[in-house]
Amino acid sequence: MTVPPTRDLTVTEVRLTPILVADPPLLNTQGVHQPYTPRLVVEIVTADGTTGVGETYGDTKYLEIAHPFAEQMKGRQITDVNGLFTHLDEVSVAAPRVENAVDVGGLRGVQTADKLRLSIASAFEVACLDALGKALGLPVHALLGGKVRDAVEYSAYLFYRYADHPEGVPAEKDDWGAALDPAGVVAQARAFKERYGFTSFKLKGGVFPPEEEIAAVRALAESFPGHPLRLDPNGAWSVETSVRVAEEVGGLLEYLEDPTLGTPAMAEVAARTGVPLATNMCVTTFPEIKEAFTTDAVQVVLSDHHYWGGLRNTLHLAAVCRTFGVGVSMHSNTHLGISLAAMTHVAATVPNLHHACDSHYPWQSEDVLTERLTFEDGTVRVSDAPGLGVTLDHDRLAALHRRWLADDGALRDRDDAAAMRVTDPAWAAPAVPRW
């Protein structure tokens with residue numbers, strides 16, 4: 001790739017801005033979302049004034065890696081994307097403390113030092129590609145080999161939820177209302193379809209006993225015939241419970257996502273049912289692929305460029321999945337528009353993307369862009385503008401950073417169990433399986 005000789009794309013400045021973003025009271029098997037969630041926005045500035053942006057998790061453990069990594073970036077070329085991973089190895093990371101073998105920051109399996117590093121590298125890679133695309137006048141998807149679709153389909157991400165955060169807790173209001181039973185879930189799905197045109201639905205499960213979530217799936221199937229459905233209890237069930245649920249509603253599901261925890265348990269469920277199993281918990285790194293694929297434990301891998309290490313690693317993962325005949329789609333965390341733009345660019349380049357991607361974005365009432373990305377008929381159009389095709393709103397970024405500065409530390413690390421204890425003081429993150 002040739003850069004015009006007049007451009008000096010040496011990194012001269014890296015700006016790291018931790019922020020707190022409003023989050024609704026969405027329930028999962030570990031607890032409930034806090035009223036604000038931490039994110040990190042990365043800006044890379046080159047000698048000629050070109051700026052690229054990236055986004056990732058903003059918890060303290062990520063910031064501790066991001067700051068030394070940012071110092072290492074200065075003086076390097078944004079074209080040296082491969083070198084990001086060499087530099088990353090030079091950043092020391094304390095071994096993370098793991099509870100219940102589940103990382104609550106997106107409920108994506110066991111957390112490791114390598115995952116922490118890759119989650120930071122991904123934001124820097126996206127920022128470099130954004131800047132490089134702007135310098136060359138090319139969209140990011142062109143830097144990845146070119147798009148194979150003009151729009152990327154996303155699935156409505158349904159949650160059991162409270163109407164509001166607890167009384168007395170500072171929080172932003174929304175108009176979604178509560179969803180604590182099948183009728184509430186169906187009403188939420190109908191609102192998603194009316195507002196955004198989604199044609200497939202994913203329900204975050206593991207919140208209520210399986211019988212209640214089976215009833216919700218059946219209610220969705222009755223209300224939206226022909227619409228693909230998914231259920232994701234985040235490993236909350238035993239093998240026996242997973243098999244029973246698969247027998248009850250498997251015929252209504254496009255796939256069942258992480259019903260039980262760990263590759264051996266998933267393999268047993270897969271062997272005993274005919275329901276496709278998806279994962280973003282037992283296949284989250286390249287070394288985990290061999291066991292999962294050779295035991296036929298999963299039939300769909302939900303990639304996530306944040307913890308897989310960026311957009312190019314996402315393409316590598318998709319190629320491996322294609323080789324083994326495993327489907328691929330995308331996992332979502334509580335992200336903003338920068339990440340949605342990055343997801344859309346890389347998804348546009350994956351030939352074997354046969355399932356709609358997940359996205360929390362409709363739940364996020366706040367963003368750091370001058371213009372929010374929009375869903376039309378459940379899809380996001382792929383931008384052909386240079387870079388990611390988004391513009392950072394520095395005033396809004398500064399306001400969300402001020403919120404982070406004003407916090408006493410209680411919200412700077414995501415903790416769904418702590419948020420639940422505001423409502424239920426006796427709550428503890430449950431051991432898995434719950435049922």
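Basis for what follows: all heavy atoms, side chains included, without hydrogens, waters or symmetry-related copies. Given the structure is predicted, the values throughout are model-derived calculations rather than measurements.
Checked by atom type and distance alone, the side chain of Asp59 never pairs as donor or acceptor with a backbone atom of Lys61 at under 3.5 Å. For the pair Asp377 (side chain) and Gly197 (backbone), a donor-acceptor distance under 3.5 Å is absent. A distance-only check finds no donor-acceptor pair linking the side chain of Glu291 to the backbone of Thr263 [under 3.5 Å]. Between the side chain of Trp427 and the backbone N or O of Ala419 there is no donor-acceptor pair closer than 3.5 Å. Panel note: side chain Glu257, backbone Asn234; no donor-acceptor pair is recorded below 3.5 Å. Under a 3.5 Å cut-off, the side chain of Thr260 and the backbone N or O of Trp237 do form a donor-acceptor pair.
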>> With side-chain hydrogen bond (donor to acceptor under 3.5 Å, both in side chains) as the criterion, how do Ser332 and His360 come out once you've worked through the C-alpha distance, each side chain's angles and the decisive distance to 0.1 Å?
In response: CA-CA 6 Å; Ser332 169; His360 281 69; 2.8 Å; yes
>> Using side-chain hydrogen bond (donor to acceptor under 3.5 Å, both in side chains), reason through Ser339 and Glu55 one step at a time and then give a plain yes or no.
In response: CA-CA 6 Å; Ser339 283; Glu55 174 196 343; 3.2 Å; yes
> Could you go step by step and tell me if Thr279 and Asp258 meet the side-chain hydrogen bond (donor to acceptor under 3.5 Å, both in side chains) rule?
Replying inline: CA-CA 5 Å; Thr279 188; Asp258 287 308; 2.7 Å; yes
>> side chain to side chain contact (heavy atoms under 4.5 Å, CB included) for Leu84 and Met73? Distances and angles first, verdict last.
In response: CA-CA 8 Å; Leu84 285 172; Met73 285 293 298; 3.4 Å; yes
>> For His335 and Leu340: C-alpha separation, side-chain torsions, deciding distance, then whether side chain to side chain contact (heavy atoms under 4.5 Å, CB included) applies.
In response: CA-CA 7 Å; His335 63 81; Leu340 181 59; 3.7 Å; yes
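Here Arg39 does not pair with Glu366 in a salt bridge; the nearest charged N to carboxylate O distance is not below 4.0 Å. Using a 4.0 Å cut-off between a side-chain N of Lys or Arg and a carboxylate O of Asp or Glu, Glu213 and Arg434 do not qualify as a salt bridge. Taking the charged nitrogens against the carboxylate oxygens, Lys204 and Asp232 do have a contact shorter than 4.0 Å, which makes a salt bridge. Using a 4.0 Å cut-off between charged nitrogen and carboxylate oxygen, Arg403 and Asp407 do not count as a salt-bridge pair.
Here the shortest heavy-atom pairing between Thr10 and Gln77 reads OG1-NE2, 2.6 Å. When all heavy atoms of Thr29 and Pro430 are compared, the pair lying nearest together is O-CG, 3.2 Å.
Residues Phe208 and Asp181 are not in side-chain contact: their nearest non-hydrogen atoms beyond the backbone lie 4.5 Å or more apart. A heavy-atom distance below 4.5 Å is not found between the side chains of Ile19 and Pro38.
Each ring-ring contact (aromatic ring centres under 6.0 Å, His included) pair with one or both residues in residues 399-419, not counting sequence neighbours, appears once here: His401-Trp404. Contacts classified as salt bridge (Lys or Arg N to Asp or Glu O under 4.0 Å) and involving residues 333-362 (residues at least two apart or in different chains) are given here: Lys202-Asp358, Arg230-Asp358. The stretch residues 184-198 participates, sequence neighbours left out, in these salt bridge (Lys or Arg N to Asp or Glu O under 4.0 Å) pairs: Asp175-Arg195. The ring-ring contact (aromatic ring centres under 6.0 Å, His included) pairs that include a residue from residues 121-146 are Phe69-Phe124, His141-His345, where partners are two or more places apart or lie in different chains. The side chain to side chain donor-acceptor pair (under 3.5 Å) pairs that include a residue from residues 160-169 are Arg161-Asp174, where partners are two or more places apart or lie in different chains.
Side chain to side chain, Ser365 and Glu172 fail the donor-acceptor criterion of an N or O pair below 3.5 Å. At a cut-off of 3.5 Å, with distance as the only test, a side-chain donor of Thr284 or Lys115 sits close to an acceptor on the other residue. In the model, Glu254 has no side-chain atom that pairs as donor or acceptor with a side-chain atom of Ser200 under 3.5 Å. Using modelled atom types, one finds no donor on one side chain facing an acceptor on the other under 3.5 Å when comparing Asp304 with Asn280. Checking Thr285 against Glu288 by side-chain atom types alone, a donor-acceptor pair falls below 3.5 Å. Checking Tyr196 against Glu376 by side-chain atom types alone, no donor-acceptor pair falls below 3.5 Å.
Contacts of Ala385 classified as side chain to side chain contact (heavy atoms under 4.5 Å, CB included), with partners at least two apart in sequence or in another chain: Ser383. Listed by chain and residue number, His355 satisfy the ring-ring contact (aromatic ring centres under 6.0 Å, His included) test with Tyr255 (two or more places apart in sequence, or in another chain). Taking the ring-ring contact (aromatic ring centres under 6.0 Å, His included) definition, one finds that His306 meets it with Tyr57, sequence neighbours left out. With sequence neighbours excluded, the residues that form a side chain to side chain contact (heavy atoms under 4.5 Å, CB included) with Ala348 are Lys147, Arg149, Val152, Val382. Legend: residues meeting side chain to side chain contact (heavy atoms under 4.5 Å, CB included) with Thr46, ordered by chain and number and at least two apart, are Leu9, Asp48, Thr50, Ile78. For Glu13, the salt bridge (Lys or Arg N to Asp or Glu O under 4.0 Å) test picks out Arg15, with sequence neighbours left out.
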Name each donor-acceptor pair under 3.5 Å that joins a side chain in residues 318-325 to protein atoms two or more places apart or in another chain, with its distance.
residue	atom	partner	partner atom	Å
Arg322	NH1	Asn352	OD1	3.0
Thr323	OG1	Ala319	O	2.9

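Each of Leu16, Asp413, Leu40, Ile120 was compared with Tyr62 under the side chain to side chain contact (heavy atoms under 4.5 Å, CB included) criterion, and only Ile120 meets it. Of the candidates Val126, Leu392, Thr17, Leu392 is the only one forming a side chain to side chain contact (heavy atoms under 4.5 Å, CB included) with Val53. Screening Leu256, Leu277, Leu261 for a side chain to side chain contact (heavy atoms under 4.5 Å, CB included) with Met266, the sole residue that qualifies is Leu277. With respect to Phe192, the ring-ring contact (aromatic ring centres under 6.0 Å, His included) criterion is satisfied by exactly one of Phe159, Tyr154, Tyr361, Trp176: Trp176.
In the displayed structure, Glu222 atom CD is contacted under 6.0 Å by at most 12 heavy atoms of other residues, nucleotides or ligands. More than 12 heavy atoms of other shown residues, nucleotides or ligands fall within 6.0 angstrom of atom NZ in Lys74.
Side-chain rings of His331 and Tyr307 approach one another, their centers coming within less than 6.0 Å.
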